[in-house]
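Computed over heavy atoms, backbone and side chain alike; hydrogens, waters and symmetry mates excluded.
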Amino acid sequence: MAKTRSTFRCTSCGHTVAKWVGRCPDCGEWGTVDEVASLSSRPDAVGGVTPTSPARPITEVDANSSSAVATGIGELDRVLGRGVVPGSVILLAGEPGVGKSTLLLETVKHWAGQGRRALYLTGEESAGQVRMRAERTHAVHENVYLAAESDLATILGHVDTVNPSLVVVDSVQTVVATGTDGVTGGVTQIRAVTTALVSMAKNRGIAVVLVGHVTKDGAVAGPRSLEHLVDVVLSFEGDRHSTLRMVRGIKNRFGAADEVGCFEQRDDGIHQVPDPSGIFRHERDVDVSGSTAMVTMDGKRALVGEIQALTNKSTMSMPRRAVSGVDSARVAMLIAVLQSRLGVKLDDQEVYVSTVGGMRVTEPATDLAIALAIRSAVKNQPIPHDTVAIGEVGLAGEVRRVSAVARRVAEAKRLGFAHAIIPTGTDEKLPSGIRITRVDNLAQAVATKTRDVVDAPF
């Protein structure tokens with residue numbers, strides 16, 4: 001008989017240690033290491049078992065058995081990788097009130113509209129409350145089955161009775177596995193519930209969507225191993241002061257993990273936004289100082305946005321610098337570069353920099369647009385509204401190459417921009433029909449915006 005010995009495992013990341021420690025040496029969490037029993041490590045401790053289904057050559061496996069089924073919501077399918085794969089488990093995480101339940105009600109309605117059954121299980125609301133929301137968002141369909149249940153065994157019974165092809169569990173933190181230790185929503189309960197639902201999905205070929213809560217720092221609540229159990233992890237993001245919502249792929253076994261889907265939250269539900277660039281721009285036909293168009297990459301998606309800057313004479317010894325939607329540290333660096341390399345006097349000026357439409361920009365490719373906007377504001381020299389600036393600015397004032405320039409320029413051209421300022425040395429094949437100016441440094445970019453220096457695309 002195989003002997004057992006005690007080991008200690010972190011409930012957050014799964015790391016195993018030989019003795020108990022207060023802090024996990026792998027993930028650094030405190031109080032997450034618990035004692036578990038494991039079989040002896042002797043080679044003869046575990047014997048072989050005859051498999052129920054023998055291994056087959058990979059060439060004999062039917063690839064169509066895992067083909068994706070479109071949900072009918074293009075932006076969601078974009079992030080999932082063409083749709084939902086039967087037997088897959090998807091974890092959708094987001095802050096309370098961001099619109100997770102509304103999006104999933106819309107999803108099950110479209111799913112049911114294709115002649116398939118969908119089962120929506122809610123553990124946080126009553127069935128009547130969900131029905132009221134479905135009425136408001138026009139998500140009522142006879143093929144959508146609804147149950148308010150939090151017991152795992154009863155949930156599995158509902159699946160047996162309804163026999164759906166899509167199951168939504170809202171939320172996984174509210175489901176209780178009877179016979180498993182731990183409080184509802186605790187690490188042990190969540191792991192047991194998720195393991196059972198994953199097993200059910202794989203064995204019966206049913207797609208399962210789990211709704212998850214997030215912690216204060218934005219991470220998925222519960223054990224980190226929860227993300228390893230599921231096939232797809234999606235993050236539903238949105239600002240309470242904006243109607244824009246983003247579904248961002250974090251993990252995807254069936255497609256790219258860096259795709260982004262855009263939605264807009266309205267009174268009558270959530271609507272997909274196939275072309276979100278218009279939200280981040282202020283449409284105008286006149287040139288205004290302190291405003292520059294830029295193109296940022298969110299995953300594989302190119303988004304055209306607008307940077308606005310305002311400067312104001314200050315009598316304070318330390319003028320104020322305020323930003324919104326951009327990195328304050330990079331703005332401070334660009335202000336120093338403008339003063340040191342171009343001689344732009346900003347030590348007696350208040351500087352305000354903001355994006356339009358609530359866009360959040362983190363990548364360095366927007367440095368050139370921010371620098372041009374700040375200089376345009378302090379000099380009161382407007383930048384042509386049909387010009388877009390792309391490039392990273394270094395401390396020496398040089399303009400560095402960035403990734404996906406061709407995709408950025410193509411998006412700018414599609415939206416009607418006539419001129420693009422990009423770094424020199426870009427070796428990508430650029431689209432025709434838009435004027436391209438290549439610059440080596442910030443001084444050249446400042447001079448270029450007011451004169452017609454055209455460099456033919458490749």
Just so I know, are the side chains of [X] and [Y] near enough to count as touching, which here means a heavy-atom distance under 4.5 Å?
X	Y	result
Thr194	Val230	yes
Val159	Arg204	yes
Phe263	Leu76	yes
Asp258	Lys300	yes
Ile383	Asp287	no
Leu152	Val176	no

Is it true that [X] and [Y] make a salt bridge, defined as a side-chain N closer than 4.0 Å to a carboxylate O?
X	Y	value
Arg133	Glu135	no
Asp231	Lys202	yes
Glu227	Lys251	no
Arg400	Asp367	no
Arg78	Glu259	yes
Glu411	Arg414	yes
Arg131	Glu125	no

Intermediate values then yes/no, side-chain hydrogen bond (donor to acceptor under 3.5 Å, both in side chains), Asn380 and Ser289: CA-CA 5 Å; Asn380 196 24; Ser289 61; 3.2 Å; yes
Do other residues, nucleotides or ligands put more than 12 heavy atoms under 6.0 Å from the [atom1] atom of [X]?
X	atom1	value
Asp267	CG	no
Arg320	CZ	no
Arg253	CZ	yes
Arg360	CZ	no
Leu156	CG	yes

Side chains of Ser314 and Asp348, donor plus acceptor under 3.5 Å: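 No pair is found: no donor N or O on one side chain lies under 3.5 Å from an acceptor on the other.
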So how far is it from [X] [atom1] to [Y] [atom2], rounded to the nearest 0.5 Å?
X	Y	atom1	atom2	result
Thr184	Gln173	OG1	CD	11.0 Å
Leu146	His158	CG	NE2	9.5 Å
His419	Ile434	NE2	CD1	8.5 Å
Leu430	Arg407	CG	CZ	13.5 Å
Thr355	Glu306	OG1	CD	10.0 Å
Leu166	Asn143	CG	CG	12.0 Å

Residues in side-chain contact (heavy atoms from CB on, under 4.5 Å) contact with Ile335, at least two apart in sequence or another chain: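 Ile335: side-chain contact (heavy atoms from CB on, under 4.5 Å) contacts with Arg321, Val331, Gln339, Leu346, Val351, Ile374.
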Could you tabulate the donor-acceptor pairs under 3.5 Å formed by side-chain atoms of residues 112-121, not counting sequence neighbours?
residue	atom	partner	partner atom	Å
Gln114	OE1	Arg116	NH1	2.3
Gln114	NE2	Ala70	O	3.1
Arg117	NH1	Val162	O	2.8
Tyr120	OH	Asp170	OD2	2.9

Backbone N/O of Glu106 and side chain of His110: donor-acceptor pair under 3.5 Å: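 Yes; judged by distance alone, with no hydrogens or angles, the pair exists.
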Backbone N/O of Ser403 and side chain of Arg408: donor-acceptor pair under 3.5 Å: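 Present.
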Using distance only, find each side-chain donor-acceptor pair of residues 14-23 under 3.5 Å and give its atom names and separation, not counting sequence neighbours.
residue	atom	partner	partner atom	Å
Trp20	NE1	Val33	O	3.0
Arg23	NE	Gly28	O	2.9

Glu124/Thr174 under side-chain hydrogen bond (donor to acceptor under 3.5 Å, both in side chains): CA gap, chis, key distance, verdict: CA-CA 7 Å; Glu124 298 182 344; Thr174 61; 5.3 Å; no
